[in-house]
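Following: one structure in structure tokens, then a few remarks.
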Amino acid sequence: MVKYIAMIHLCSLTKTMKTIYLGRSHGFSILHMTGPDIEQLYEQMGKELGLAAQKFMKAGKLVPDEVMVNLISSELKDIKTTPWLLDGFPRTRPQAEALHSYEKLDLVLSLEVPSEVIIDRIKGRWTHLPSGRIYHTEFNPPKISGKDDITGEDLVQREDDKEESVKQRLELYAKNTGPLKEFYQDMGILKEFHGTESNEIWPRVHKFLQSYIPSQSGPF
């Protein structure tokens with residue numbers, strides 16, 4: 001039985017590719033973890049690794065590979081009886097190589113969505129900053145264009161949601177994930193799933209995982 005899995009995807013996809021589908025409610029008994037979740041847990045516990053990671057994040061910097069790998073491997077070493085899935089980690093080949101020295105993955109899933117689809121989804125987001133309410137020009141438009149439904153205040157587009165910013169992130173993602181996927185492909189444990197929506201991709205992911213992890217239910 002497969003026990004250790006990683007899922008590779010662009011961070012922005014987490015809103016649509018909900019890995020909660022891998023949880024008990026959908027038949028898989030598997031522990032779902034993300035880097036930020038572990039960072040927050042360790043910071044709350046006052047552990048040195050979590051505090052170190054938070055220093056970089058609060059300064060607007062990327063957490064160094066060494067700190068991130070040590071943080072995650074420290075958490076994983078105590079989980080030996082339950083299958084787990086790392087969501088969005090590793091992100092680069094150096095991270096993958098470092099993680100491999102601590103834990104050997106059984107399976108790596110790569111969610112592949114066309115760049116133009118991602119750009120269209122993200123660039124349509126508009127936010128009401130005081131409340132955090134998010135609208136989308138196509139999927140969840142405000143009643144009055146550019147205005148919050150509740151307060152009537154102006155909506156703004158965050159820098160991260162602007163088309164040029166999204167394109168830059170996609171370029172960086174492609175640059176990093178090419179060597180990363182090659183690393184796992186050479187091991188024979190990489191499986192790619194292509195599509196444009198979670199309802200299209202997930203049934204295939206679910207069916208594939210049923211060959212490796214016991215499941216009692218369908219994908220929905």
Problem - Connected via hydrophobic side-chain network under 4.5 Å: Met187 and Leu86 - result: yes

Handout entry: Side-chain heavy-atom pair Phe89, Val69 within 4.5 angstrom cut-off
Key = yes

Problem - Side-chain donor/acceptor of Asp149 to backbone N/O of Lys143, under 3.5 Å - result: yes

Exercise for the section: Please assess Ile8 against Val108 for the test side-chain contact (heavy atoms from CB on, under 4.5 Å), listing each intermediate value before the final yes or no. Expected result: CA-CA 7 Å; Ile8 302 170; Val108 177; 3.4 Å; yes

Practice task
Describe, in one word, how the ring planes of Trp84 and Tyr4 are oriented to each other, choosing from parallel (under 30°), tilted (30 to 60°) and perpendicular (over 60°).
Solution key: parallel

Exercise for the section: For the residue pair Asp154 and Lys147, establish whether any side-chain heavy-atom pair is separated by less than 4.5 Å. Expected result: yes

Handout entry: Minimum-distance pair of heavy atoms, taken over all atoms of Leu105 and Ala6
Key = CD1-CB, 3.6 Å

Exercise for the section: State yes or no: do Ile150 and Ile134 share one hydrophobic cluster built from I, L, V, M, F, W and Y residues joined by side-chain heavy-atom distances below 4.5 Å, directly or via other members? Expected result: no

Problem - Enclosure of Arg158 CZ (heavy-atom neighbours >12, cutoff 6.0 Å) - result: no

Practice task
May I ask you to test the Trp202-Phe193 pair for a side-chain heavy-atom distance under 4.5 Å?
Solution key: no

Practice task
Linking directly or through intermediates, with side-chain heavy atoms under 4.5 Å: list the remaining ILVMFWY members grouped with Phe139, chain and number order.
Solution key: none

Exercise for the section: Return the minimal non-hydrogen interatomic distance between Thr151 and Arg133, and the atom names on each side. Expected result: CG2-NH2, 3.8 Å

Handout entry: Check against salt bridge (Lys or Arg N to Asp or Glu O under 4.0 Å), Glu163 and Lys167
Key = CA-CA 6 Å; Glu163 185 170 355; Lys167 288 181 178 178; 3.4 Å; yes

Exercise for the section: Decide yes or no for Tyr173 and Ile118: does some side-chain heavy atom of the first lie under 4.5 Å from some side-chain heavy atom of the second? Expected result: no

Exercise for the section: Flag the pair Leu180 / Thr92 as yes when at least one side-chain heavy-atom distance between them is below 4.5 Å, and no otherwise. Expected result: no

Handout entry: Donor-acceptor under 3.5 Å (Gln95 side chain, Arg91 main chain)
Key = yes

Exercise for the section: Using only heavy-atom distances, determine whether the side chains of Glu112 and Ser110 contain a donor-acceptor pair under 3.5 Å. Expected result: yes

Exercise for the section: Identify the two heavy atoms, one from Ser101 and one from Ala98, that lie closest to each other, and give their separation to 0.1 Å. Expected result: OG-O, 2.5 Å

Exercise for the section: Show your reasoning for whether salt bridge (Lys or Arg N to Asp or Glu O under 4.0 Å) applies to Arg93 and Glu97. Expected result: CA-CA 6 Å; Arg93 180 162 182 151; Glu97 292 172 343; 3.0 Å; yes

Handout entry: CD (Glu66) with more than 12 external heavy atoms under 6.0 Å
Key = no

Practice task
State the OG1-CD distance between Thr177 and Glu182, to the nearest 0.5 angstrom.
Solution key: 11.5 Å

Completion exercise
dist Glu192:CD -> Lys181:NZ (nearest 0.5 Å) comes out at 4.5 Å

Practice task
Spell out, as yes or no, whether a donor-acceptor pair under 3.5 Å connects the side chain of Asn140 to the backbone of His136.
Solution key: no

Handout entry: Side-chain touch Val113/Ile201, heavy atoms, less than 4.5 angstrom
Key = yes

Fill in the blank from the handout: Between the CZ atom in Arg125 and the CG atom in Asp161, the distance rounded to the nearest 0.5 Å is 5.5 Å

Fill in the blank from the handout: Closest non-hydrogen contact found for Ile5 with Leu209 is CD1-CD2, 4.2 Å

Handout entry: Common cluster, Tyr102/Leu85, ILVMFWY with side-chain heavy-atom separation under 4.5 Å
Key = yes

Handout entry: Heavy-atom closest contact (Pro130 atom, Glu153 atom, distance)
Key = CG-OE1, 3.9 Å

Handout entry: Pairing residues for Lys104 by the salt bridge (Lys or Arg N to Asp or Glu O under 4.0 Å) criterion, not counting sequence neighbours
Key = none

Practice task
Examine distances only and state if a side-chain atom of Ser165 and a backbone atom of Glu159 form a donor-acceptor pair shorter than 3.5 Å.
Solution key: yes

Practice task
Any chance you could pull the hydrophobic cluster mates of Trp126, using side-chain heavy atoms under 4.5 angstrom and chaining through other members?
Solution key: Tyr135, Leu155

Practice task
Could you tell me whether the side chain of Arg169 reaches within less than 4.5 Å of the side chain of Ile122, counting heavy atoms only?
Solution key: yes

Handout entry: Non-hydrogen side-chain atoms of Leu109 and Leu107 separated by less than 4.5 Å
Key = yes

Exercise for the section: Identify the heavy atoms of Pro90 and Leu99 that sit nearest to each other, and give their distance. Expected result: CD-CD2, 4.0 Å

